[in-house]
Amino acid sequence: MFRFSNLVEALDAAPAERPFITFWIDEDQRETVTFGEFRQRTFSEAEELRQHGLKTGDRVVIIMPQSISAMVTFAAAMRTGAVPAFLAYPNFKVESAKYRWGLAGVTANLSAKAIVIDAEFPDEFLGCISLGDPSKLIRAQDHAKSPQSHGQFKNAEIRSENLAFIQHSAGTTGLQKGVALSHGAVLRQIEYLSQSLRIDGSSDRIYSWLPLYHDMGLIACFMLPIVCHVPLVMQSPLEWVMHPDSTLQIISEYKCTLAWMPNFAFQFIPRRTPNGRWAEYDLSSLRLLINCSEPVRTTSMSEFQKAFSVSSAVLQSSYAMAENVFAVTQSDNERGPATLWADGVQFRNAHRIVPVCKATAGAVAFMSSGRLLPNQKVRIISESGTTFDSDFVGEIVIQSDCLFDGYYNRPDLTEQAIVDGWYHTGDLGFYHDGELYVVGRKKDLLIIGGENIYPQDIEEIVGGHASVHDGRVIAMGLYNPNLGTEEIVVVAELVDEEELANSVALEGEIRGAVVSGLGVAVKKIFLKPPKWIVKSTAGKAARAATREKLLREHPELNAHADLDQENTSK
Amino acid sequence: MTADEQQMVEHIVELIRKPGVTINENTPLVSSGLIDSMELVDLLLRLEDITHRRIPAGKVQPKDMDTVAKMFATAERVGKPR
């Protein structure tokens, strides 16, 4: 059990000489601070924030490029008792209008006392920041160049139940929701996670390219290092997406032992690194590389493992969400996540898991997200709220002592999400042999003649066709009143627009592939030119927005869609 | 159009595979939806190769990549010789 009552105490107890953050700017530039140096900078900046009138409970929004300076500002704000929140910095990958809309909405909801931006924050976005009265816009100073004494600064009195910070939950549609977390909840989560991962600050070193405005980057790769006094080697997500092979270079060079990544990165890194260079990297220092924040796919894990000869026990999985601070489950450190093969027909028709051997026709593979961390409870529930036993698929609802206090300033959303003390995740999963398996999102499910169809399964098959752009496929269900059930509609982008001339033949091939893979027929296939599918800011196909676009372009589908809406809302 | 700009235009034509679309150094690419965010990553990497400069991605905004001419101006402004 940690002896700290808040995160600032944890930071202040870190060994001063131990390296804290090594920021890998590019191949030629790195910046390093020890825990002592980092602490010193937070004192200087906290003093300055206090001079701006910041006090306990005030919100501070930080919009700075991923950097040690941004992390200093965050920790300094906590030192004053204020409640910081990182927001994404504008960048070339995010469409400007969408960024403006998100920035205006989130800053208005937080009604922050101070908004800290860096010296180069683009003027074109300043007008979108909601500045209430008496909020202040502060241009961050570079304290690395002029560290000041902290003799006079006295930490705010912070109790365990006080809010520590607000992290925003990721969403492909709608405004991001601010998840308010107390110091106590964050410390409990880190205690459970560090026990499960056997974290040792004197021998572990974490690697991260993850954004700090996301729970995986903020909790696993900033708060956990603060509390467990673990050195961290990090880089900006933008630098990473340009040069994903830098992950391999950094882990090899700094002998990192722990890292977290979302599922897509396990494919993106090997595919963006020339095969001839795979053997140059030495990842033998890695103890645990954890697949988290997206449904875990066995194919992605094995692609990474084969490319870089990583031991299968190193590749791990976890089920996590901002609303629970971070992790709910963690796979077994020794043997890695279990893979389960189940009868595909039973899974779809009866929502049941009947284990079969891998070679069985129609078998489907699931990768476990592991066992519950201490003091976490999970139930799998039906549509009507009944709790299922093991091996039945339903919505995952959770209860824990690190659950969030609510969405900041949004009691309406909080009330929808937390029912009788259980947080309804909207994720679908099942329990098997004491381990949790996550299979998809509840709202995405297609129900075709009483059979549950996971759109991801259809999309994977359609995306596997050579003429279709993999990842740019959306499968959806539209209600057919004549049949009393949904019909499957697929919209897919072609790799080459010229192939539209062969639509009839392609549709036939795609239909055939879906039937042979899943035993279900696709009613309508819409093949579209490149760039047609609507994407989220994360670059993934956005389901709801793509559906709306399809209905706009094909009004003949609308009668079905209206009934569909009515049907699902009852 | 410079030879470097011409090289980038040819690369973009190849990348977007849109028959019938004509591109020159002043054609809007991002604001018109002709290229997406992952393709921008590809274009930044190509820009580094053509200009022999390292371009810090964090200093680039969507408007800086909207036309081929703006891309080269951005490389000049924020890029470092390598």
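Labels below follow one simple rule: chain letters A, B, ... track the order of the sequence lines, proteins then strands, and each chain is numbered from 1.
- Applying the 6.0 Å contact sphere to CD of A:Glu553 captures more than 12 heavy atoms from other residues, nucleotides or ligands.
- By the neighbour-count criterion of 12 heavy atoms within 6.0 Å, atom NZ of B:Lys59 is sparsely surrounded, having that number or fewer from other residues, nucleotides or ligands.
- Against chain B, the residues from residues 121-128 of chain A that qualify, each with a non-hydrogen atom under 4.5 angstrom away, are A:Pro122, A:Glu124, A:Phe125 in number order.
- A 4.5 Å side-chain heavy-atom check between A:Asp28 and B:Lys80 finds every atom pair outside the cut-off.
- With rounding to the nearest 0.5 angstrom, the OH atom of A:Tyr89 is 7.0 Å from the CD atom of B:Gln61.
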Can you give me every donor-acceptor pair (side chain of residues 239-246 of chain A, partner residue at least two apart or in another chain, under 3.5 Å) with its distance?
residue, atom, partner, partner atom, Å
A:Trp240, NE1, A:Thr247, OG1, 2.7
A:Asp245, OD2, A:Arg277, NH2, 3.0
A:Ser246, OG, A:Gln235, OE1, 3.3
A:Ser246, OG, A:Gln235, NE2, 3.1
A:Ser246, OG, A:His243, O, 2.5

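- Contact annotation: the side chain of B:Arg82 never approaches that of A:Glu27 to less than 4.5 Å [non-hydrogen atoms, C-beta and beyond].
- Against chain A, the residues from residues 63-76 of chain B that qualify, each with a non-hydrogen atom under 4.5 angstrom away, are B:Lys63 in number order.
- Residues of residues 50-57 of chain B placed with any heavy atom under 4.5 Å of a heavy atom in chain A are listed by number as B:Arg54, B:Ala57.
- Of all the listed residues (A:Pro90, A:Ser236, A:Pro65, A:Pro237), the one sharing the greatest number of non-hydrogen pairs under 4.5 Å with chain B is A:Pro90.
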